[in-house]
There are 2 protein chains.
Amino acid sequence: MSSICLPLAISDEEVDRIDRIVERGRPLRRGDHVFRAGEAFESLYAVRSGAVKTYTLTEEGEEQIMGFHLPGELFGMGGLSAGRHPNSAAALETSAICEIPFARMEPLSRDIPGLQRHLFQLMSREITEDQQLMILLSKKSAEERIASLLLGLSSRFKQRRLSPRTFRLPMSRGDIGNYLGLVVETVSRVFTRMQRSGVLEVAGKDVTILEPERLAEMAGTRLEER
Amino acid sequence: MSSICLPLAISDEEVDRIDRIVERGRPLRRGDHVFRAGEAFESLYAVRSGAVKTYTLTEEGEEQIMGFHLPGELFGMGGLSAGRHPNSAAALETSAICEIPFARMEPLSRDIPGLQRHLFQLMSREITEDQQLMILLSKKSAEERIASLLLGLSSRFKQRRLSPRTFRLPMSRGDIGNYLGLVVETVSRVFTRMQRSGVLEVAGKDVTILEPERLAEMAGTRLEER
DNA sequence: CGACAATTTGACTCAAGTCAACTAGGGTGG
DNA sequence: CCACCCTAGTTGACTTGAGTCAAATTGTCG
C-alpha cells in the first residue's frame, strides 16, 4: 500500500521497512486540516484517497491556494528546509492521509540510496511546478489557465491509472479560481464556453474531455502571443 | 570579501577556508550569461557588483523572469536538488560575480554546522519569495505590484547599507513588466502616475521614494479586497 | 424537508492591453 | 568630439478580457 505513497523502485524488504513507519488512518472530512502554516515540520504526507489543497494566507488574510494534491501524491515538503510548514493543508473532500514521520525516515534514507534522490526530485518538481504556475499567472488568459489545469489533472489521473478523459473535480469553482487567479464567475463562464464549443462535457464537478487535442491547443499559444 | 557573499557568523579561520574556494573575477557585461537552463549544477553564485536576473523560457519561447539579484545576494540554488539549473541567469548591467564550487563546499559544510543550515534557509527563503510573487501575480493590481517591487528593492538596498530612499534600478522597464506580469506601457504609466502623485521621483532608472508610507499603503490592500 | 452554500447567467464597468507615434538616451565610428 | 542610429521609454487613443454586482438556479447536508 505504501508503494502507492512512495512509488519507487526498491526491494520488497525495503518497502516493508518504509511500511512500518507510515502511519495510516486519519480519515479527514472536507475542510479538516492536515497541518497549518507555522507548525513544526515533522512529517511528510501522502494522499491515500480524496484530495488536499495547500495554501497560504496573504497579509490581508485572504487564502491563496498553492497546489492540489491527488491520491498517490506527496505533499508538505515545503517545510523541509525551514523546519516549519510555510503553508496550510486542508482536505477538499473526505480523505485518507498517510503520515510519514521524517525523523524516522532520515536513517532509512542513508541505507536506501534511491530514497534520498527521490525526495530531492520531489522537491525540485515542486519548484518547477511553482514556476509553471507563475508563468500561467503572469502570461496566460483565463481560458488558457483553465485548459492547463484540466490537462494537468487529466495527466495526473492517468498516471494513477484512472481515466484521463472523465473525472470528478475534487475542488470547488472557487478553489479553481483562487488557484488560477480568477474570480468564480469567470471560471464558471469558461466552463460553459468550453462546453458549448464541444471541447468539454461538464456536469457540476464531473468533467469529460471530449476533444483533448483542442484543449491542448487552448492551453498553449493564444493568437500572436504577447 | 567573501563575507559579503556569504554573510554568516563564523570564525575568521572559517571565512578563510571559504575564501579559498571562491572564484573571483569574471566581469560580465549586460546580457552575458552566468549559466543557462539545463546546464549541470556545479556552483552557487553571488553577486559582487552589478545585478543579475534569473529566468526561464515558456514553451512558446518567451522569457519569464523569476527574480532579480543584487550585490551580496546568492543565486543559482534552484538547481541544487535536481542537479541541473532549471533557469538561466544573465547580467542586467556590468557585473562581477563570484562562483562557489559546490563540490568543494560540501565537505566544508560538514565542519561548519552553521553553513548547512544557512544554505537550507536560503533555499527556503527562495521558495517563500516565489510564493509571494505568486500572490502578487494572482491578486494584485498593476500599482500594487510595482509598489511592492520598489519596496522590496528598497529594503534590500537598505540591508546592504545603501540608501533605501534613492537608488538606481538595474533592470529595464521591460524586465520589470515581464517579472510582474505587465506590459512595458503599463509599467511606464504607473511610474508617471506615482511621480505625479508625489510618491516617487523618477528620472529614467533613478528612483527616489518621497513618501515611503504612502508607497507601502499602495502595495497593500486595495479597496475592499477581492 | 428546509436552509444555506455553490454555481450559473446577465448587464455593466474598468484596468490593463494593443497599436501607433513620438522622444530621450547611450554608445559607436568617423 | 559629435553626428547618427538603435534601443528604451513615454504618451495618447482605442479595445477588450475579466471583474463587479445582482439575481436566479441548483446542490447538499443536517
Side-chain angles (χ1 to χ4, degrees), chain A residues 29-32 53 62-63 65 91-94 136-147 149 168-197 200-207 218 221-226, chain B residues 29-32 51 53 62-63 65 92-94 136-147 149 168-197 200-207 218 221-226:
Chain A
R29 288 189 312 164
R30 181 176 161 69
D32 288 349
K53 68 176 171 185
E62 305 165 78
E63 176 176 316
I65 298 178
L92 288 166
E93 55 189 20
T94 304
L136 209 69
L137 291 172
S138 91
K139 297 224 175 352
K140 305 278 182 98
S141 70
E143 195 172 78
E144 290 173 312
R145 295 180 199 195
I146 290 178
L149 175 69
R168 167 162 265 260
L169 297 172
M171 70 296 277
S172 71
R173 301 287 192 269
D175 283 337
I176 293 176
N178 181 302
Y179 178 66
L180 297 177
L182 302 169
V183 297
V184 250
E185 293 95 322
T186 302
V187 175
S188 179
R189 275 190 259 266
V190 171
F191 273 131
T192 35
R193 213 185 309 149
M194 285 180 171
Q195 166 140 255
R196 262 207 289 278
S197 72
L200 292 186
E201 169 89 42
V202 189
K205 305 207 157 171
D206 293 310
V207 173
M218 292 170 92
T221 304
R222 172 122 305 260
L223 321 150
E224 314 299 332
E225 332 262 306
R226 293 250 167 116
Chain B
R29 288 189 313 165
R30 181 176 161 70
D32 288 348
K53 67 176 172 186
E62 306 165 77
E63 175 175 318
I65 298 178
L92 288 166
E93 55 189 21
T94 304
L136 211 68
L137 291 173
S138 91
K139 297 223 178 344
K140 306 279 182 97
S141 69
E143 195 173 76
E144 290 173 311
R145 296 181 197 193
I146 290 178
L149 175 69
R168 165 162 267 259
L169 297 173
M171 71 296 278
S172 72
R173 301 287 192 268
D175 283 337
I176 293 175
N178 181 303
Y179 179 66
L180 297 177
L182 303 169
V183 297
V184 249
E185 293 96 323
T186 302
V187 175
S188 179
R189 274 189 260 265
V190 171
F191 273 131
T192 31
R193 213 185 310 150
M194 285 180 170
Q195 167 139 257
R196 261 206 291 277
S197 73
L200 291 186
E201 169 89 41
V202 189
K205 306 207 157 174
D206 293 310
V207 173
M218 293 171 92
T221 302
R222 172 121 305 262
L223 320 150
E224 313 301 332
E225 334 261 305
R226 292 247 170 120

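Judged by distance alone, the side chain of A:R173 and the main-chain N or O of A:G204 form a donor-acceptor pair under 3.5 Å.
The pair B:K53-B:E63 meets the salt-bridge criterion, since a charged nitrogen lies less than 4.0 angstrom from a carboxylate oxygen. A salt bridge is defined here as a Lys NZ or Arg NE, NH1 or NH2 lying under 4.0 Å from an Asp or Glu carboxylate O, and A:K139 with A:E144 fails to meet this definition. Ion pairing between a basic and an acidic side chain is recognised when a charged N comes within 4.0 Å of a carboxylate O; A:R193 and A:E143 show such pairing.
Atom C1' of nucleotide C:dG26 and atom CD of B:E93 are separated by 15 Å, given to the nearest angstrom. Atom CD in B:E62 sits about 13 Å away from atom P in C:dG17, given to the nearest Å. Note: CG (A:D206) to C1' (D:dG27) measures 13 Å, nearest angstrom. Across the protein-nucleic acid pair, A:L137 atom CG and D:dA18 atom P stand 13 Å apart, rounded to whole Å. Protein atom CZ of A:R29 is 10 Å distant from nucleotide atom P of D:dC29, rounded to whole Å. Atom P of nucleotide C:dA16 and atom CZ of B:R145 are separated by 7 Å, given to the nearest angstrom. C:dG17 atom P lies 11 Å from atom NZ of A:K139, rounded to whole Å. A straight line from CG of B:L182 to C1' of C:dA15 spans 11 Å, rounded to a whole angstrom.
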- line: Counting primed atoms, P, OP1 and OP2 as sugar-phosphate and everything else as base, the B/S/- map of nucleotides 9-16 of chain D against protein heavy atoms under 4.0 Å is SBBBB---
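Shortest non-hydrogen contact noted between A:S138 and B:N178 is OG-O, 4.5 Å.
Listed pair B:R30 / D:dA8 meets the phosphate criterion, a side-chain N or O lying under 4.0 Å from OP1 or OP2.
Each of A:I176, A:I146, A:V190 was checked for a side chain to side chain contact (heavy atoms under 4.5 Å, CB included) with A:L182, and the lone residue meeting it is A:I146.
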